[in-house]
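See structure below.
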Amino acid sequence: MKTLKKALPVAAALVWALLLLPFFLGAEAAHPATDDFTFAVYTHPTWVQTGSILHVLKDALSYTLRTWRDWQGTVTGVLIMTLNPAVFSLEHYGVHAVALLGLILLGTGVFLRHFLQKRLNLPWRAAFLALSAAQLLFLPDIVEGVYWFNGAWFYMGAQAVALMTLALGDSLSERPVRGAGTILAFALCWALLFALGMDNYITAMMTAAALLMLALWRAAAHERAAAVRTAMMLLPIGVGLLISVIAPGNSVRMAADGAHESGLGYLLASIGWTLRDAVKYTLRFMLKTPLLALLLLALPAASRRMNERGETGEGLPRIGFTLLGGYLMLCAMIIPHMYSSGYAGSGRVINMYHSYVLLFAPVVCMMALARVRPEKRAALAAGRGKIACFALAAAALAVCLCGGQLRNYEKLVSDQLDGTQDAYIAQFQREYALCEAAGAADDVVLPAWTVQTVTGKPTACEDAAFWTNEAMAQYFGVKSVRVE
């Protein structure tokens, strides 16, 4: 029995690694497309001519400020986009996907370790293996969540940094601001929060809403000094968010999108649509991923552990407040895109809601469970309650597997096994070779793609004057690019 207990964690880690391996193997099939070229045309020539990181960074900053004035206010995100891998190397573009996957897993691990183990005194390793696997395997849009740099780093990368920043900020809130090490840690936290405020609005709103909830959590525990320190962290992210919101370019972009309307009526409608979609996405990601099944499986063990240590829920918000807070944080994420564009978002934005529900719901659930009376937790931990939890978990898992969102992952794996991914790589490499062989006065005609995977987006279309084709032509230094 002891040998089995020791072997189970190792076996679980091996299964986890095997499930995630295809994501890393898919990195070689990642390639630049659309906005990668749009932003790279401002910094790639500088890199080719000078080979100087400092010169590239100077041009990136200059373009970022122009974009703040002329198109959108997300300063941090635009700066990162102008430094995308296509600026430096087409051949090694896929390395970014490996780095991003590592960052996502690190952010998930840091977040769960802090809030489950440190704040709620619950095991976190099993939760990390299960939730990080579910987060990636059931990702709604793998291309825009992992492999396409500009979409993936702007959203999933920022969210991973936000998760670690929240864990750091919550940990620092317990310390007086004394000593060089603590002061430096606070400075780093505030700098990250300021940068996150100027990144995408979804991450900025999630982080700000989470900080507010953490401050209220501290206040509920009568930890006034920690509550004040946490509330003070709203200042840097608030300033960053304000800089993004007041950008003159925002009005230009919203006018170009054509969906935004002014007036109180549209604002109220946006709030209503947000409240509706927050319910929809919560239910979707509870049922179309293994999340509900995992939560039901965890209830008996978590209840037993809480009763063994005499958990009373003292210092935690009431159950209703906890559940409402989790729901309103998702609303805070949805409202920026809803108000500016009239809908909740494309695949890369839906990925954010997916990750939020999968990672925050377990914390919210365990906080609520800690407020449940010990006798009710005892009923969940043994006998009929335990059987009911397991039966409902089996039913939830069946619903997930029958109607879930595993198709993208299944295609990722099958493409690697049947040679489709290799054919896809040869396809875009041929395309780049044609562009690189052409001259400045040449009109490049590219063969139509016959293979598509979940690791990349189409690079060009039939219209040479379309903006994606024009950006690609500028990047390669040719007159025009189009698909035959």
Side-chain angles (χ1 to χ4, degrees), residues 1-25 101-102 104-139 160 163 167 285-311 355 357-367 369-370 377-402 404-406 409-410 412-413:
M1 185 61 71
K2 289 183 179 180
T3 304
L4 180 62
K5 285 185 177 180
K6 290 181 180 179
L8 278 176
V10 176
L14 287 174
V15 170
W16 175 82
L18 287 173
L19 287 172
L20 296 190
L21 180 61
F23 285 96
F24 291 91
L25 296 178
L101 286 165
I104 291 170
L105 294 172
L106 179 63
T108 299
V110 169
F111 176 82
L112 292 174
R113 182 177 182 271
H114 177 81
F115 288 101
L116 287 182
Q117 184 182 68
K118 184 175 180 182
R119 294 301 306 273
L120 296 173
N121 195 24
L122 292 168
W124 71 278
R125 289 185 176 86
F128 166 70
L129 292 179
L131 294 172
S132 61
Q135 180 187 15
L136 290 172
L137 267 63
F138 291 84
L139 198 64
L163 292 174
F285 299 131
M286 280 279 190
L287 296 173
K288 291 199 171 186
T289 75
L291 178 59
L292 182 57
L294 291 170
L295 291 176
L296 288 166
L297 285 173
L299 280 180
S303 297
R304 184 175 61 253
R305 184 182 180 94
M306 288 180 182
N307 280 357
E308 286 174 351
R309 68 167 190 260
E311 177 65 66
S355 295
V357 173
L358 260 72
L359 299 182
F360 278 75
V363 176
V364 169
C365 180
M366 292 302 115
M367 289 175 64
L369 184 63
R377 288 200 299 261
L380 285 172
R384 293 180 180 178
K386 187 175 182 180
I387 294 172
C389 284
F390 290 168
L392 289 172
L397 185 60
V399 171
C400 164
L401 295 177
C402 292
Q405 46 192 43
L406 260 179
Y409 176 72
E410 291 169 351
L412 176 69
V413 175

Student check: side-chain heavy atoms of P362 and L291 closer than 4.5 Å: yes
dist L294:CG -> L299:CG (nearest 0.5 Å) comes out at 11.0 Å
CG (L139) and CD1 (I104) are apart, to the nearest 0.5 Å, by 7.5 Å
Between atom CG of L297 and atom CZ of F390, what is the distance when rounded to the nearest 0.5 Å? 6.0 Å
For the student: nearest non-hydrogen atoms of N307 and A378, plus distance: ND2-N, 3.3 Å
More than 12 non-hydrogen atoms from neighbouring residues, nucleotides or ligands closer than 6.0 Å to CZ on R113, yes or no? no
Measure the spacing between CG of L116 and CZ of F128 and express it to the nearest 0.5 Å. 12.0 Å
For a 4.5 angstrom cut-off between non-hydrogen side-chain atoms, does L19 reach L136? no
Shortest non-hydrogen contact between P22 and Y409, atoms and distance: CG-OH, 3.9 Å
Go through L369 and E311 one step at a time and tell me if the side chain to side chain contact (heavy atoms under 4.5 Å, CB included) criterion holds. CA-CA 10 Å; L369 184 63; E311 177 65 66; over 6 Å; no
Please examine the side chains of T289 and V357, heavy atoms only from C-beta on, and report whether any two atoms are closer than 4.5 Å. no
Closest non-hydrogen atoms of F285 and L358, given as atom of the first, atom of the second and distance, are O-CD1, 4.0 Å
Identified side-chain contact (heavy atoms from CB on, under 4.5 Å) counterpart of F111 within the set L106, L131, L359: L359
Backbone N/O of N121 and side chain of R309: donor-acceptor pair under 3.5 Å: yes
Which atoms form the tightest heavy-atom contact between L112 and W124, and what is the distance? O-CB, 3.8 Å
Is a donor on one side and an acceptor on the other found under 3.5 Å between the side chain of R119 and the backbone of M367? no
Rounded at 0.5 Å granularity, tell me how far CE in M366 sits from CG in L120. 8.5 Å
Please name the pair of heavy atoms, one in S303 and one in A381, separated by the smallest distance, quoted to 0.1 Å. CB-CB, 4.2 Å
Taking every non-hydrogen atom, the tightest pair across A133 and L20: CA-CD2, 4.2 Å
Heavy-atom donor-acceptor pair, R377 side chain to A370 backbone, under 3.5 Å: yes
What's the separation between atom CG in L163 and atom OG in S355, rounded to the nearest 0.5 Å? 8.0 Å
